[in-house]
Protein chains: 2
Amino acid sequence: MSKLRSAPTLDDVARQAGVSTATVSRCLNAPDRVVEATRQRVMQAVEALGYTPNFAARVMAAKRTFTIGAIIPTMENAIFARGLQAFQEELHKRGYTLLVSSSAYRPEVEEEQIRTLVARGADGLLLIGHDRNPQIHDYLERQKVPAMVAWSYIPNARAPSIGFDNRQAMQALADRVIGLNHTRIAMISGVSEGNDRARLRIEGARDALRKRGLNPDSLSIIETSYEVENGAEAFARLISQSPHPTAILCGNDVLAAGALRQAQSMGLNVPEDVSITGFDDIELARIVSPALTTVHVPHREMGSKAALELVEMVENSTPGSTIRLQTEIVERQSLGPANNS
Amino acid sequence: MSKLRSAPTLDDVARQAGVSTATVSRCLNAPDRVVEATRQRVMQAVEALGYTPNFAARVMAAKRTFTIGAIIPTMENAIFARGLQAFQEELHKRGYTLLVSSSAYRPEVEEEQIRTLVARGADGLLLIGHDRNPQIHDYLERQKVPAMVAWSYIPNARAPSIGFDNRQAMQALADRVIGLNHTRIAMISGVSEGNDRARLRIEGARDALRKRGLNPDSLSIIETSYEVENGAEAFARLISQSPHPTAILCGNDVLAAGALRQAQSMGLNVPEDVSITGFDDIELARIVSPALTTVHVPHREMGSKAALELVEMVENSTPGSTIRLQTEIVERQSLGPANNS
DNA sequence: TTGTAAGCGTTATCAC
DNA sequence: GTGATAACGCTTACAA
């Protein structure tokens, strides 16, 4: 049986070019440390053989992968997509490759993915939100893999983070709602357990009620997972209360879109009969009609700054700094004055 | 200076447990080939040291990564998300990890990503659509990395594929439109160059005109990239023609959502004044109002079957088979009879 | 059942 | 500038 010819190695290239493997390696990694003529010869051999360096071997020898891993809760909605795209673009400029996996909002899956990415030699990790088993951070420290948290700003947390103050942002929005004379307010939130963003947004809404002299416990909250259908269902339940809420704060735009759809299918006018607000300002917020009044999050800025910061941590072993980004309320058509009939 | 203690290796575990590295390796990879007592001891050592196998080393020795790579054109809209999620879930069941990267619809980026993933030892690749430089397939063959194409069904193409017949699907939809007495039809397509799905959908629309005795060249087409804004702009241009089209076929739901928004902001009623159709049946199609009449694509089925097929190719060196999935038209509210005034 | 030792394909440190 | 050569951490015959 003939020996299967497998992918060409450095050695093959070296032999073909009549040089040593060291020279070939230099041609690829530090071209100026090799004389033009030999480099030409080597590159020709590389071309001719269709050589691609073996990544695993390179990693073993160099102990660097130029790879950053990111674990996001879901790819199925656009919340993280835009920020991640900017993250990737910035990394690419700096010579890094991004590997993404999604945990489906399950902590144990996230943990597994973290270990997988570390085992694969990720030079650094991007994680979403602060809530997780602290042992994971012990593990990352032992493995010396720097990690940065995004989509949430919490100073002095275990890991440096870049994001916005979810609590304050929702408080500002709720305050705006109350300013329009809404007093019967409800909220459709993402599942708050293990999700600091969701939890802080709830707290923010309560803060607003409190500051305006309303009872924070009067806020009826339904927690549900982040899908359009769930938003619709939750809306149906909340609106059946009597007297029904005149404004419904949603934990994100996807839930808000679901709520809106449900309102419409129940023959309710938004915002005349009931106001609905979103959070995130993803594309969807402008697509639905009425367009959503929501909280704009600077996704791209967050992604690119996260990349810069993380690369800095990786390359200079710095602890990483925590960065706060500003959000702003964008007023569109889904929020109007209360109709307290 | 004290030696920095780095991540524990197999050797450390072996020493701690008082066995050889081979035994530790076996405990991890073939637990039944080791006696219970020693395994206990080894596992304790693993636990105590917080050992994680070094992936690169493992790959070098075993020549398998249990990793599948996927390169999708974009993460920024939901077209690929659901199918990819199913793909990942199925792979996970089979013990594989999925690595995803996005090419931003740029062929040269896709090519680079393919090389990156191969260099990283991906055991197999999932690619979207058939249009690409054929040299890439030569390369993959040389590297012996099986690849499967999804989102497009083309028999006898260079790579096996799983998907649907884009041409036939759009033809069926256009036929339905014509059956509602539309004769002035326009199309908002994705950029067709380097995108067989977009191209075939255009062809399908023309086929329908032809079969119904209409002039296929009467189909005015605007090609644009896949974002809501582009759909809106294209709609504005098409509708300004006189007489204006009564039905606008969109290359996907995102473009359709943009067209719909633009129609509404111009005070046009859909479908009374103009009909709009989508393609893909992503969540968005049900969120907008009127909800989109569109082509339903079995995304999850496509993803999981692609995984099965690709794993089969990887594990048994089979050539892979080409699988055709069925689409169906879902009638909602954005398509109505022509108003030929 | 367990241990020994030979790779795996690079990079990096020295000499030359 | 270039060439030997020793790691890097693991898997896997083969031997014991």
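Each chain gets a letter, A, B and so on, in the order the sequences are listed, and its residues count up from 1.
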Can you pull out the residues from residues 23-35 of chain A that lie within a 4.0 Å heavy-atom distance of DNA chain C? A:Ser25, A:Asn29
Consider side-chain contact (heavy atoms from CB on, under 4.5 Å). Of A:Asn29, A:Leu10, A:Thr65, which one does A:Arg58 pass it with? A:Asn29
Result of checking A:Val145, A:Leu125, A:Asp123 against A:Val314 for side-chain contact (heavy atoms from CB on, under 4.5 Å): A:Asp123
Closest to the 5' end of DNA chain D, once A:Thr38 and B:Asp11 are matched to their nearest nucleotides, is A:Thr38
Between B:Ala56 and A:Val19, name the one whose nearest nucleotide on DNA chain D is closer to the 5' end. A:Val19
Rounded to whole angstroms, how far apart are [atom1] on [X] and [atom2] on [N]?
| X | N | atom1 | atom2 | answer |
| --- | --- | --- | --- | --- |
| B:Asp12 | D:dG9 | CG | P | 9 Å |
| A:Tyr51 | C:dG9 | OH | P | 10 Å |
| B:Asn54 | C:dG9 | CG | P | 16 Å |
| A:Arg39 | D:dT2 | CZ | P | 11 Å |
| B:Arg15 | C:dG3 | CZ | P | 14 Å |
| B:Leu10 | C:dT4 | CG | P | 14 Å |
| B:Arg64 | C:dC8 | CZ | P | 19 Å |
| B:Met60 | C:dT11 | CE | P | 11 Å |

Looking for any heavy atom pair under 4.0 Å, which part of the strands does [X] touch: base, sugar-phosphate only, or nothing?
| X | value |
| --- | --- |
| B:Val59 | nothing |
| A:Ala22 | base |
| B:Phe55 | nothing |

OP1 or OP2 of [N] under 4.0 Å from side-chain N/O of [X]:
| X | N | result |
| --- | --- | --- |
| B:Lys63 | C:dG9 | yes |
| A:Thr21 | C:dG9 | no |
| A:Thr9 | C:dG9 | no |

Please tell me whether [X] and [Y] have a donor and an acceptor in their side chains that are separated by less than 3.5 angstrom.
| X | Y | answer |
| --- | --- | --- |
| A:Gln40 | A:Gln44 | no |
| A:Thr9 | A:Tyr51 | no |
| A:Gln113 | A:Ser103 | no |
| A:Ser321 | A:Glu309 | yes |

The side chain of [X] is closest to which nucleotide in this list: [options]?
| X | options | result |
| --- | --- | --- |
| A:Ala62 | C:dA12, C:dG3, D:dG9 | C:dA12 |
| B:Ala61 | C:dT2, C:dT11, D:dC10 | D:dC10 |
| A:Ala57 | C:dC8, C:dG3, C:dT10 | C:dT10 |

More than 12 heavy atoms from other groups under 6.0 Å of CZ on B:Arg33: no
Assess whether a salt bridge exists between B:Glu141 and B:Arg158, defined as any Lys/Arg side-chain N lying under 4.0 Å from an Asp/Glu carboxylate O. yes
Are B:Glu89 and B:Arg300 within salt-bridge range, i.e. N to O under 4.0 Å? yes
Using the C1' atoms of five pairs at each end, what's the angle between the two axes of the helix from C:dT1-D:dA16 to C:dC16-D:dG1, to 10 degrees? 30°
Could you check whether any side-chain heavy atom of B:Val34 comes within less than 4.5 Å of a side-chain heavy atom of B:Thr23, counting everything from C-beta outward? yes
